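Everything numeric in this text was worked out from a predicted model, so none of it was measured. Start at 1 and go down the list; that is how both ligands and their atoms are numbered.
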Amino acid sequence: MIDLTTDQRSAWADQGFLVLPNFVDQPSVEKLNTRIDHLVDGFAADLSTQDATVFSTTQQSHAQDDWFLSSGAVVRPFFEDGAFDDDGKLCVPFAEALNKMGHAMHDRDPVFDHFSRTPDLANLVSQLGVADPLLLQSMVIFKPPRIGGEVACHTDHTFLWTDPPSVIGLWFALDDATVDNGCLWVLPSGHNQPVRSRSRLTAAGTVTEVFDPAPYDMQQLIPVEVKAGTLVAFSGLLPHWSAPNTSTTARRAYTLHIIDGTTQYAADNWLQRPRDLPLRGFS
Ligand SMILES: O=C(O)CCC(=O)C(=O)O
C-alpha cells in the first residue's frame, strides 16, 4: 500500500501533480495492452467508419457530435484526424487509426473495472484529498505512431466542472512516453491560477465560456517523460498538454478522472450518467 512521503504530499499541494514510477507492474501493463488490442479488434470487425467520429481537441468538431456526447456511459472509439485520406478512406491500419476510446471503461469493461478499483488506488486518492471519490470518466488515449494528434492545453475542470473544483486525473503510461512520442507536459503550480474557461452542454451542443482568453505560456510547461507503468496524478486545475506523435512508436495511456461526491456536479457538463448507471466509487 502506498504511503505518500512528506515531499510527495508537498509536491502535490505545491506543484499540482505527482509522478509515481512503477505504480503498475509490467504484467498488469501487458494485461491492459492485451485487453485494448482485443477491444480494438472488436471495433475493427464491427464498426463502420461512417458511424464513428474523429476526435480532435484542437478542432473541437467532436464536441457537437452525438457519437461523442452520448459516450459518457459506454466504451466507444474515436478516430485520429490523420487516419483518413482525402476520399475519407482509412489510410493506416485500423489498429493505428484510433485517437481514443471512452468514456466509461471503468464501468463497462471488466478488465478496466478491476484495474480501476483497487485498494491501492483508493488509498492513493484518499491521500490526495478526495473525501468521497466517484469514478467519473475513463479513456484509453492511443496517440498512435505518426498521426497521434495534439491534445490542446487544457484543465480537466473546464470539462468536468464541480463546485467547488474537485476533479483529479490519474494517467497511467501503457508505453514509455517521451518528448518524441507525445508525452504529457504540465504547467507546474498552474493549478493555482484561476480557471480560464468552462465547457457547457446546451441544446446546440457544447459551448465554451471563456473567462480569460490569454493563451497559456507554453514555454512554462515541462515534459513528463515516464516509463510504462508510471502513474501521473494531477489536479483538475492543472493545465496540461501533449504534442502530436510524429515518431514511429506508440504512446498509449489509460486515464481515469475522479470527482468528489461531496461537491456539486454541474448539470450542464457534457458527461451525464443515465439513471441506470450511477457513478460509483472504488467498491
Ligand atoms: O494523454 C494525453 O495526451 C492527454 C491526457 C489528458 O488530457 C487527460 O488525461 O486529461
Distance-only donor-acceptor check, side chains [X] and [Y], under 3.5 Å:
{"X": "Thr263", "Y": "Asp260", "value": "no"}
{"X": "Arg196", "Y": "Thr155", "value": "no"}
{"X": "His191", "Y": "Ser235", "value": "no"}

Has the side chain of Asn99 got a donor or acceptor atom that lies under 3.5 Å from a matching backbone atom of Phe78?
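Side chain of Asn99 to backbone of Phe78, a donor-acceptor pair under 3.5 Å: no, none is there.
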Within the side chain of Gln137, is there an N or O that forms a donor-acceptor pair under 3.5 Å with the backbone of Leu160?
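Not a single qualifying donor-acceptor pair exists.
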Record the part of Phe234 in heavy-atom contact with ligand 1 below 4.0 Å; permitted values are side chain, backbone, both and neither.
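Contact part for Phe234 vs ligand 1: side chain (C-beta onward).
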How does Arg252 reach ligand 1, if at all, at less than 4.0 Å between non-hydrogen atoms: by side chain, backbone, both, or neither?
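Looking at Arg252 and ligand 1, no heavy atom falls under 4.0 Å.
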Considering Leu238, Val232, Leu184 one by one, which has a heavy atom nearer to atom 4 (C) of ligand 1 than any of the others?
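Shortest heavy-atom distance from atom 4 (C) of ligand 1: Leu184.
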How are the rings of Phe23 and Phe172 set relative to one another: parallel (under 30°), tilted (30 to 60°) or perpendicular (over 60°)?
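Rings of Phe23 and Phe172: tilted, as their planes differ by 30° to 60°.
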Check the angle between the aromatic planes of Tyr254 and Phe112 and answer parallel, tilted or perpendicular using the 30° and 60° thresholds.
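Rings of Tyr254 and Phe112: tilted, 30 to 60°.
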Below 4.0 angstrom from a heavy atom of [X], which ligand 1 atoms are there? Numbered from 1 as shown, please.
{"X": "Arg251", "answer": "1 (O), 2 (C), 3 (O)"}
{"X": "Asp156", "answer": "10 (O)"}
{"X": "Trp171", "answer": "1 (O), 2 (C), 5 (C), 9 (O)"}
{"X": "His154", "answer": "7 (O), 10 (O)"}

I need the nearest protein heavy-atom contact for [atom]: residue, atom name and distance, please.
{"atom": "atom 3 (O) of ligand 1", "value": "Ser242 OG, 2.6 Å"}
{"atom": "atom 9 (O) of ligand 1", "value": "Thr255 OG1, 2.8 Å"}
{"atom": "atom 5 (C) of ligand 1", "value": "Ile141 CD1, 3.5 Å"}
{"atom": "atom 8 (C) of ligand 1", "value": "His240 NE2, 3.5 Å"}

Salt-bridge contact Asp107-Arg117 (side-chain N to carboxylate O under 4.0 Å):
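The answer is yes: the pair qualifies as a salt bridge.
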Would Met139 count as a contact residue for ligand 1, given that I'm defining contact as a non-hydrogen atom of the residue lying under 4.0 Å from a ligand atom?
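Contact absent.
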